[in-house]
Amino acid sequence: MNKIFALVDCNNFYASCERIFHPSLGGKPVVVLSNNDGCVIARSEEAKRAGIKMAVPVFEISDLIKQHGVHVFSTNYALYGDISQRVMNILAESSPDMEIYSIDEAFLDLSAISLNQLQNHAIALQSKILKWTGIPVSIGIGYTKIQAKLANHIAKTDPDRHGVFSLVGHPDPDSVLEEIPLNEIWGVGEKYSAFFEGAGIASARELKYCDENRIREKLGVVGQRLVLELRGTVCYPLNQNPANKKEICTSRSFGRPLTKYEELEAATADYVDKVARKLRKQKSLAQSVLIFIMTNKYDTGPKYVNYKIVKLPVPTNQSHELIHFALIALKSLYREGFRYKKSGAIVSEVIPDAGQQTSLWDEKGRAKHKKLLKVIDKINENAGLDVVKFAVQDTDSSWGMRQHHLSPHYTTRWNDILEINLDDH
DNA sequence: TCTGGGGTCCTAGGACCC
DNA sequence: TCTGGGGTCCTAGGACCC
């Protein structure tokens, strides 16, 4: 039996999240900014129509913002993560065979739904999500993930489809593919687009019927899979139990350039602690940690970029231990006289935290710290904040993110819960 | 003058994704 | 003044082995 995949994708997710708690923003242009209020990372339809492009630095569009009265928000991951979970819960309930692909997308296996019910099933799901969470979604259906992605693109862009489109059961799928430019295909980026253009392949339909071996020669197995998936051969199955991360990274630009070692140390220790928490959350240990620091790549002043990798003597996910080795690396990286813009920590050689061979001596202190960290994690999780920190992380954190347009944490922080005044009408 | 061949493992870097 | 952050997979090439 053929597999049938659906891709459910939240429309303009971050912008839609901000709108849930600001219903008056319906029909108005909304954008959400990256960390430090740097670039545009989400736009409502109105903002797109106003000519605001994805990923532009916000200072370049200040005129557009004024001109169209665009509502601007700092990124609020606590809110988006929580709303995402609610959407995913609804999907999981309706289709147990599901893969969460990103914060705002999930693949579903709909093979069990009869062909003539597919469309209705999708429409019902779409309206349920809207009703229960306030988030509008688009749903695309196909015989492979790449087909489902394509169908989703049509569901989103063709107003006649009202957010649902299926290539399965379509009378003439090739005529649909004919209209799809190559760079809309999932897995086709800048380089592949240029290659296809040079090879005289102009649409998704042409790619589907091209000589598969020729593509394989030039683009390897990745290119060949593109062709096969377009034809309906599954190369990317549903991945229901995503493996643990093999690499975990936390890095940030600072709210202002840092020059003193102590400030750089505080920020970097903070990032390392965040990495350690992510490790503990997925019950993993890291065997090496990389620290990098860099100056502003857009600055005209003196530039410096460098990194250092430290092999850890014992695999660990303990914050203080990782911070200890990270700071040794940082010390050797630091040079005076530069304005640092960003630093980061990446752990790799990640292994499961189970049955690790450690020396007896190691084991003693480690077990104690493990208990302590468990408590700290719990406190921080419940508070929804970084209440407990290591001393080196600094409580002042004037280097922290600029977020001048942050909305409240409506759903994850008690103090921010929405109050409704019933007398006010 | 002649100078194997096949295999594995590791790493860096490219390409892509949201 | 202001320019995001966190991932995965694949490939080519070097090191090393027998």
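Residue numbering restarts at 1 for every chain, and letters A, B, ... go by the order of the sequence lines.
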Judged by nearest nucleotide, the residue sitting upstream toward the 5' end of DNA chain C, A:Cys39 or A:Ser251, is A:Cys39
Rounded off to whole Å, could you give me the OH-to-P distance for the A:Tyr192 and B:dG14 pair? 13 Å
In whole angstrom, give the distance that lies between atom CG of A:Asn239 and atom P of C:dG7. 16 Å
To the nearest angstrom, the NZ-P distance between A:Lys274 and C:dG7 comes to 13 Å
Does A:Glu105 reach a base, just sugar-phosphate, or nothing at all? Heavy atoms under 4.0 Å. sugar-phosphate
Pair A:Glu217 + A:Arg214: basic N to acidic O under 4.0 Å: no
A:Glu247 has its side chain closest, among C:dT8, C:dT3, C:dG4, to C:dT8
DNA chain C nearest-nucleotide lookup for A:Lys278 and A:Lys341: closer to the 5′ end is A:Lys341
Base, sugar-phosphate alone, or nothing: which one does A:Lys297 contact when heavy atoms must sit under 4.0 Å apart? nothing
Does A:Ser102 place a side-chain N or O at less than 4.0 Å from the phosphate oxygens OP1/OP2 of B:dC17? no
In dot-bracket, 5' to 3', how would DNA chain B read with Watson-Crick or G-U wobble pairs under 3.5 Å, [ ] for crossing ones and | for pairs to another strand? ....||||||||||||||
Report which part of the nucleic acid A:Val188 touches: base, sugar-phosphate, or nothing (heavy-atom distance under 4.0 Å, all strands). sugar-phosphate
Students often get this wrong, so: under 4.0 angstrom with heavy atoms, is A:Thr250 touching a base, only sugar-phosphate, or nothing? sugar-phosphate
For C:dC18 versus B:dT3, give the span between their P atoms, rounded off to a whole number of Å. 25 Å
Determine: side-chain N/O of A:Arg256 to OP1/OP2 of C:dC2, distance under 4.0 Å, yes or no. no
What is the nucleic acid contact for A:Asp104, judged by heavy atoms within less than 4.0 Å: base, sugar-phosphate only, or nothing? sugar-phosphate
Using a cut-off of 4.0 Å on non-hydrogen atoms, how would the nucleic acid contact of A:Leu219 be classed: base, sugar-phosphate, or nothing? nothing
Angle between ring planes, A:Phe13 versus A:Tyr80, binned at 30° and 60°: parallel, tilted or perpendicular? perpendicular
Separation of A:Ile103 atom CD1 from C:dG4 atom C1', in whole Å? 14 Å
Among C:dT3, C:dG6, C:dG5, which nucleotide has an atom closest to any side-chain atom of A:Cys249? C:dG6
Rounded to whole Å, please give me the gap between OH in A:Tyr80 and C1' in B:dC18. 15 Å
Test: A:Lys3 and A:Asp97 ion pair at under 4.0 Å: no
Of all the choices, C:dC2, B:dC16, C:dT8, which nucleotide is nearest to the side chain of A:Lys246 once you look at every atom? C:dT8
How is A:Ile346 classified with respect to the nucleic acid when contacts are heavy atoms under 4.0 Å: base, sugar-phosphate, or nothing? nothing
Go through B:dC16, C:dG4, C:dG5 for me and flag the one nearest to the A:Lys191 side chain. B:dC16
Distance-only, no hydrogens or angles: does the A:Glu105 side chain make a donor-acceptor pair with backbone N or O of A:Tyr101 under 3.5 Å? no
Can you tell me which nucleotide in C:dG4, C:dC2, C:dT8 comes closest to the side chain of A:Lys245? C:dT8
Starting from P on B:dC16, measure out to CZ on A:Phe196 and report it in whole angstrom. 9 Å
A:Arg256 bridged to A:Glu263 by N-O distance under 4.0 Å: yes
Distance, nearest 0.5 Å, that separates NE2 of A:His162 from CG of A:Asp160: 6.5 Å
Tell me every residue that passes side chain to side chain contact (heavy atoms under 4.5 Å, CB included) with A:Lys156, counting only those two or more places apart in sequence or in another chain. A:Asp9, A:Asn11, A:Ser138, A:Asn152
Parallel, tilted or perpendicular: which one describes the rings of A:Tyr334 and A:Tyr261, with boundaries at 30° and 60°? perpendicular
Strictly below 4.0 Å: does A:Lys149 bring a side-chain N or O up to OP1 or OP2 of B:dC18? yes
On the ring face of A:Phe195, is A:Lys218 found with NZ or CZ under 6.0 Å from the centre and within 45° of the axis? no
Under 4.0 Å from OP1 or OP2 of C:dC9: is there any side-chain N or O of A:Arg225 that close? no
Taking any heavy-atom pair under 4.0 Å as a contact, classify A:Val56: base, sugar-phosphate, or nothing. nothing
